[in-house]
Amino acid sequence: QVQLVESGGGLVQAGGSLELACEFSGNIPNIVAMGWYRQAPGGQREPVATVSSGGGTDYADSVKGRFTVSRGYARNLVYLQMNSLKPEDTALYYCNVRGYTNPGIWDDYWGQGTQVTVSS
């Protein structure tokens with residue numbers, strides 16, 4: 001039984017900062033990447049920032065230079081440091097962990113989401 005729980009969301013003024021955290025439990029085999037997606041009201045769930053098992057990171061163009069994703073390897077934790085927040089960052093943020101049971105067969109695990117609201 002795999003469980004992912006996000007925390008750290010809230011209401012912040014434009015220009016402010018938040019740090020999101022995701023703690024996951026259960027057996028997730030062969031993790032290849034983990035990170036964060038978000039879904040704005042009326043929008044689709046889109047990737048924000050991911051970190052691979054090798055340490056490489058990918059960021060959406062809209063957050064480059066402002067957000068930093070990192071993994072706490074000592075624990076089942078992944079973080080998203082969010083700086084210089086903008087109203088357009090307002091969304092429900094989801095933690096994602098991707099693993100595989102066989103090469104080429106991916107398994108995605110998702111948290112319930114944490115709300116980030118940035119006021120003007």
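What you are looking at is a predicted structure, and each value in this text was computed from that prediction instead of being measured. By convention here, the first residue in the shown sequence is residue 1.
Residue-environment remark: CD (Q13) stays at or below the threshold of 12 foreign heavy atoms within 6.0 Å.
To the nearest 0.5 Å, atoms CG (N30) and CD1 (I105) are separated by 11.5 Å. In this structure, OG1 on T68 lies 6.5 Å from CG on N83, to the nearest 0.5 angstrom.
Panel note: side chain S52, backbone A33; no donor-acceptor pair is recorded below 3.5 Å. Looking at Y59, its side chain never comes within 3.5 Å of a backbone N or O of G65 through a donor-acceptor pair. Counting only distance, with no hydrogens or angles, the side chain of E6 and the backbone of C95 share a donor-acceptor pair below 3.5 Å.
You'll find the side chain of S53 stays beyond 4.5 Å of the side chain of I31, heavy atoms only. Using a 4.5 Å heavy-atom cutoff, the side chains of V2 and F24 are not in contact. I28 has its side chain out of reach of N76: every pair of non-hydrogen atoms, C-beta onward, lies at least 4.5 Å apart. Taking 4.5 Å as the limit, every side-chain heavy atom of W36 sits out of range of all side-chain heavy atoms of V51. M82 is not listed as a side-chain neighbour of V118, based on a closest heavy-atom distance of 4.5 Å or more. Side-chain atoms of Q112 and V5, non-hydrogen and from C-beta on, never get closer than 4.5 Å to each other. Contact of the R98 side chain with the T50 side chain is not registered, since no non-hydrogen atoms from C-beta on lie closer than 4.5 Å. R38 has its side chain within reach of V63: a pair of non-hydrogen atoms, C-beta onward, lies under 4.5 Å apart.
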- Item | salt bridge (charged side-chain N to carboxylate O under 4.0 Å, His left out) between K64 and D61, worked out | CA-CA 5 Å; K64 287 180 179 177; D61 288 342; 3.1 Å; yes

- Message: As a quick check of understanding, evaluate side-chain contact (heavy atoms from CB on, under 4.5 Å) for Q115 and T90, giving each step before the final call.
- Response: CA-CA 8 Å; Q115 180 67 39; T90 295; 4.0 Å; yes

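Applying ring pair (Phe, Tyr, Trp, His ring centres under 6.0 Å) to Y37 and the options Y109, Y94, W110, Y93 leaves one that passes, W110.
Closest heavy-atom contact between A49 and L80: CB-CD1, 3.9 Å. Heavy atoms only, all atoms of each residue included: S120 and P87 are closest at OG-CG, 3.8 Å. Across S84 and D89, no two heavy atoms sit closer than the pair O-OD2, 4.4 Å. The shortest non-hydrogen separation linking V69 to T57 is CG1-CG2, 3.9 Å.
L4 and V48 fall within a single hydrophobic cluster, where Ile, Leu, Val, Met, Phe, Trp and Tyr are joined by side-chain heavy atoms under 4.5 Å apart, directly or via other members. L92 and Y79 are assigned to two separate hydrophobic clusters, defined by single-linkage of ILVMFWY side chains at heavy-atom distances under 4.5 Å.
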